[in-house]
Amino acid sequence: FNDMATTEIYTSLFVGSVRWVQETAIVKEGWLYKQSKYLKEWRKRWFVITPTHLYSYKEYKKYEKPTETIEISTIKTIKSVEDEINRKFAFSVTSKDRVFYLQAENYADKESWLGALGKAMIKPSMKTTDEDAYFDQLQRVVRQPNSFAIFLSFSGDFYP
């Protein structure tokens, strides 16, 4: 696939629950500290932004078994929270289910992450749904010369 979002959709659909990220789909990546959900400890994680997700991993550039998977479309707000939680270079990512507290190494890094997340949040509003993108990709494959005609019938719910 040529399109990064389509590549990720394909991965989600056909690889199943195993989430891995192709390097061509990465918008931004780097180390951030994340506050743990229950113990409230700060842990260093490798974060990755793709066109559709924010992932965190325990290891540098090892894109298997994310510790967190946040759909960009579920993010409601991102904001600086240095004064709220008394940590330099801290910011929050609020999704429909939870508030994630993250901390960058320095001011420039924090601003870079906020900018990249902000851009990722804006772009999906201009895109179609994952289901539409999936079927558009299938139609492109079917329309290629010398391909057999494929007829699809879709019923029920779509589960990416």
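Predicted model only: the values in this text are computed from it and were never measured.
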*Minimum heavy-atom separation for I85 to A90, with atom names?*
CD1-CB, 3.7 Å
*Rounded distance (nearest 0.5 Å) linking atom CD of E71 with atom OG1 of T69*: 9.0 Å
_Distance-minimising heavy-atom pair for S36 and R43_ = CB-NH1, 3.4 Å
*Does E82 use its side chain to pair, donor to acceptor, with the backbone of F89 at less than 3.5 Å?*
yes
*Just how far is it from atom OH of Y33 to atom CD of Q103, taken to the nearest 0.5 Å?*
7.5 Å
*Do you see a donor-acceptor pair shorter than 3.5 Å between the side chains of T67 and K58?*
no
*Where is the tightest heavy-atom contact between T50 and V27, given as atom of each residue plus distance?*
C-CG2, 3.9 Å
*K28-S112 side chain donor-acceptor pair, cut-off 3.5 Å*: yes
*asked:* If I take atom CZ from residue F47 and atom CG from residue L102, how far apart are they, to the nearest 0.5 angstrom?
replied: 4.5 Å
*How far apart are the closest heavy atoms of K96 and K76, and which atoms are they?*
CA-CE, 3.8 Å
*Check A104 against L32 and note the closest heavy-atom contact, atom names and distance.*
CA-CD2, 3.7 Å
_Quick one, M121 with I72, criterion side-chain contact (heavy atoms from CB on, under 4.5 Å). Give me CA distance, side-chain angles, the key distance, then yes/no._
CA-CA 6 Å; M121 289 170 65; I72 298 291; 4.2 Å; yes
_Which label fits Y63 and Y57: parallel for a plane angle under 30°, tilted from 30 to 60°, or perpendicular past 60°?_
perpendicular
*Can you check side-chain contact (heavy atoms from CB on, under 4.5 Å) on W42 and R87, steps first, answer last?*
CA-CA 11 Å; W42 288 87; R87 283 188 84 93; 3.2 Å; yes
*Any side-chain heavy-atom pair from E29 and K61 closer than 4.5 angstrom?*
yes
*S92 side chain to T94 main-chain N or O, any donor-acceptor pair under 3.5 Å?*
no
